[in-house]
Protein chains: 2
Amino acid sequence: MTISTYAQNVSHPPFAVTVDLVVLTIRESELCVLLVQRGEEPFSGQWALPGGFVLVDEDIEAAAYRELAEETGVSEGLHLEQLASYGAPDRDPRMRTVSVAWLALAPELAEPVAGTDAAHAEWVPVAETGLLTLAFDHERILADGLERARAKIEYSPLAAAFCPTEFTVGQLRKVYEAVWGHSLDPRNFHRKVTRTEGFLSETGGTSTIDGGRPAKLYRAGTRAMLNPPIRR
Amino acid sequence: MTISTYAQNVSHPPFAVTVDLVVLTIRESELCVLLVQRGEEPFSGQWALPGGFVLVDEDIEAAAYRELAEETGVSEGLHLEQLASYGAPDRDPRMRTVSVAWLALAPELAEPVAGTDAAHAEWVPVAETGLLTLAFDHERILADGLERARAKIEYSPLAAAFCPTEFTVGQLRKVYEAVWGHSLDPRNFHRKVTRTEGFLSETGGTSTIDGGRPAKLYRAGTRAMLNPPIRR
DNA sequence: GTAATAGTGTCTTTCAGACAATATCGA
DNA sequence: TCGATATTGTCTGAAAGACACTATTAC
């Protein structure tokens with residue numbers, strides 16, 4: 001039996017399964033996404049989300065972590081969560097593919113490393129991605145990832161994933177401002193995050209890297225949910 | 001080349017892709033989930049979520065709608081949204097499978113129809129599912145589906161998907177009470193849903209099916225988000 | 001000193017929680 | 001009439017938005 005007849009004869013046809021990553025970070029107060037310039041057909045030369053095939057004995061989450069490490073050079077300290085799966089029959093011209101997309105949030109990293117499939121990888125400000133045509137259905141995946149990130153920092157402590165281990169309230173606020181694309185009142189924001197029990201935990205240290213009065217340093221707290229949320 | 005060697009020789013190995021459904025409804029003021037008793041190996045005789053293989057040229061969302069219609073006999077008027085994908089290498093003992101799970105919310109329906117794979121399908125109160133052992137990783141999928149439904153009715157008009165086209169505020173409140181498993185103050189709930197612009201739209205009719213003073217009938221409104229949300 | 005950022009406090013408005021009171025049906 | 005549910009209203013406290021003011025650094 002050949003591969004081509006296989007699909008017609010069994011009730012569970014062969015699919016290729018891939019992972020695609022929406023990796024977000026903040027660079028120079030701008031929300032950026034990691035994009036690769038494809039080095040192979042299809043869509044050779046076009047921008048795409050990093051990703052690749054899931055191996056035959058590999059857990060799909062492990063595949064996402066593997067691709068993430070390949071593209072960023074970093075394998076820990078990142079937040080990774082499943083976004084959604086995309087499986088239109090014609091989404092990949094080569095074969096029937098289902099892609100499981102993941103959302104990763106990273107603190108500022110060194111310049112990205114090109115993966116095996118990619119000619120070139122780059123942090124692109126999200127504001128500029130509107131001008132780009134992405135390969136496959138990656139524009140949709142990116143839009144879904146952005147919306148997830150924007151929604152989730154409202155009610156979860158997830159914004160801290162964009163910060164180094166220790167950070168100031170001002171740095172955390174700049175994350176919200178970059179992700180939502182508008183400014184927040186520093187005083188009301190400070191009140192909200194510091195007076196919400198368990199949201200932040202003081203380290204005792206201070207920082208003056210942003211100038212002005214030294215700011216207390218915090219770590220992400222243990223609270224999983226913010227109720228009521230921070231309003232956008 | 002045989003099927004077994006195929007997987008070892010190509011970079012994009014064959015996966016089976018399935019859809020699994022968490023179909024929720026309210027019956028006698030209780031949140032219920034549609035379960036099937038499996039008629040085939042593996043897990044023959046055990047309870048499982050309804051679902052099945054995605055066909056070779058079928059969109060994964062279309063597969064979810066198809067399975068939903070097969071199991072419930074209803075193909076429209078239901079809310080269906082993607083939940084998550086589950087792809088541990090050992091989740092199906094037969095073969096490497098990735099399952100795309102979907103959450104469906106339905107108004108009260110007739111008794112379910114057994115699908116092709118299923119010996120028997122039944123609405124099981126969610127409170128009783130804790131005693132059951134579900135096939136595959138379906139306990140996890142069910143838990144994720146329940147949490148999604150519970151979280152989403154807080155800030156979206158989704159609870160109306162459990163109601164008929166026209167419903168009273170009291171019926172809508174009973175949905176929240178069934179999904180969250182505790183009672184809500186009828187007066188405060190009424191104030192919240194009727195005073196939130198665009199959440200409900202009055203039809204002009206009234207209903208006395210629940211006894212007492214006739215209640216105004218409403219349809220779901222056009223507002224997509226509730227801000228601030230209804231607190232659990 | 002000035003400029004910059006951190007942090008506190010105050011006033012107002014919005015809204016949730018608790019619950020009294022009234023309205024309108026069926027029996 | 002009573003019993004049930006619907007609907008309005010009132011009081012209180014929590015918390016957000018707007019914004020004055022003080023604190024502490026670098027220069």
Side-chain angles (χ1 to χ4, degrees), chain A residues 26 28-29 153-155 159 163-164 166-178 180 182-219 223 225-232, chain B residues 26 28-29 153-155 159 163-164 166-178 180 182-219 223 225-232:
Chain A
I26 315 278
E28 295 166 20
S29 297
I153 63 173
E154 288 185 38
Y155 58 86
C163 296
E166 299 195 358
F167 52 88
T168 68
V169 172
Q171 289 174 326
L172 187 63
R173 177 171 46 82
K174 284 186 176 61
V175 167
Y176 278 87
E177 292 177 335
W180 286 342
H182 60 79
S183 57
L184 298 170
D185 185 283
R187 297 156 293 184
N188 293 336
F189 182 84
H190 189 280
R191 177 182 61 196
K192 176 70 176 174
V193 299
T194 57
R195 306 260 173 102
T196 299
E197 190 70 26
F199 190 65
L200 296 178
S201 85
E202 228 171 297
T203 68
T206 58
S207 162
T208 53
I209 53 167
D210 288 315
R213 171 176 169 178
K216 289 182 185 167
L217 284 168
Y218 295 87
R219 265 191 218 90
R223 175 186 271 246
M225 282 302 192
L226 249 172
N227 197 348
I230 301 174
R231 295 179 68 172
R232 241 189 264 204
Chain B
I26 315 278
E28 295 165 21
S29 297
I153 63 173
E154 287 184 40
Y155 58 87
C163 295
E166 300 195 357
F167 53 88
T168 68
V169 172
Q171 289 174 327
L172 187 64
R173 177 170 47 82
K174 284 185 176 62
V175 167
Y176 278 87
E177 292 177 336
W180 286 342
H182 60 78
S183 58
L184 298 170
D185 185 283
R187 297 156 292 185
N188 292 337
F189 181 84
H190 189 280
R191 177 182 60 196
K192 177 68 175 175
V193 298
T194 56
R195 306 263 173 97
T196 299
E197 189 72 25
F199 190 65
L200 296 178
S201 86
E202 227 172 299
T203 68
T206 58
S207 161
T208 54
I209 53 166
D210 288 314
R213 171 174 168 180
K216 288 182 186 167
L217 284 168
Y218 295 87
R219 267 192 218 91
R223 177 188 270 245
M225 284 300 195
L226 249 171
N227 198 348
I230 301 175
R231 296 180 68 171
R232 242 191 263 205

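Convention: sequence-line order gives letters A, B, ...; per-chain numbering from 1. The basis for the numbers below is simple: all heavy atoms, side chains too, and nothing from hydrogens, waters or symmetry mates. None of the values given here were measured: they were computed from a predicted structure.
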Separation of dA6(C) atom P from L217(A) atom CG, nearest Å, is 11 Å
What is the distance, to the nearest angstrom, from the CD1 atom on I209(A) to the P atom on dA4(C)? 18 Å
Among dT7(D), dC19(D), dG7(C), which is the nearest nucleotide to the side chain of V169(B)? dT7(D)
Ignoring backbone atoms, establish whether K192(A) has a side-chain N or O less than 4.0 Å from OP1 or OP2 of dA16(D). yes
Both T208(B) and N227(B) contact DNA chain C. Taking the nearest nucleotide for each, which residue is further toward the 5' end? N227(B)
Could you give the CD-to-P distance, from E177(B) to dT5(D), as a whole number of Å? 11 Å
Strictly distance-based, threshold 3.5 Å: is any side-chain N or O of R223(A) a donor or acceptor partner for the main-chain N or O of E197(A)? yes
Just verifying a value: how many Å separate I26(A) CD1 and E177(A) CD, rounded to the nearest 0.5 Å? 10.5 Å
In this structure, CZ of R231(B) is separated from NZ of K192(B) (nearest 0.5 Å) by 10.0 Å
Distance check needed: dA6(C) P versus Q171(A) CD, whole Å only. 9 Å
Rounded interatomic separation in angstrom, taking CG from D185(B) and P from dA20(C): 11 Å
Starting at atom CG of D210(A), determine the distance to atom C1' of dG7(C), rounded to an integer number of angstrom. 15 Å
Nearest to side-chain heavy atoms of R213(A), which nucleotide of dT5(C), dT7(D), dC15(C): dT5(C)
For the pair made of CD in E154(B) and P in dA16(C), what is the distance, rounded to whole Å? 12 Å
Taking Y176(B) for the side chain and A159(B) for the main chain, is one N or O donor matched with an acceptor at less than 3.5 Å? no
Residue pair P186(B)/N188(A) against DNA chain D: nearer the 5' end by closest nucleotide is P186(B)
With under 30° as parallel and over 60° as perpendicular, where do the rings of W180(B) and H182(B) fit, or are they tilted in between? parallel
Ranking R231(A) and R187(A) by the position along DNA chain D of their nearest nucleotide, the one closer to 5' is R231(A)
Is R191(B) close enough to dG17(C) that one of its side-chain N or O atoms is under 4.0 Å from OP1 or OP2 there? no
Of the options dG7(C), dT24(C), dG9(C), whose atoms approach the side-chain atoms of R195(A) most closely? dG9(C)
Kindly say if H190(B) contacts the phosphate of dA6(D), meaning a side-chain N or O under 4.0 Å from OP1 or OP2. no
Send over the distance from R173(A) CZ to dT5(C) P, rounded to a whole Å. 9 Å
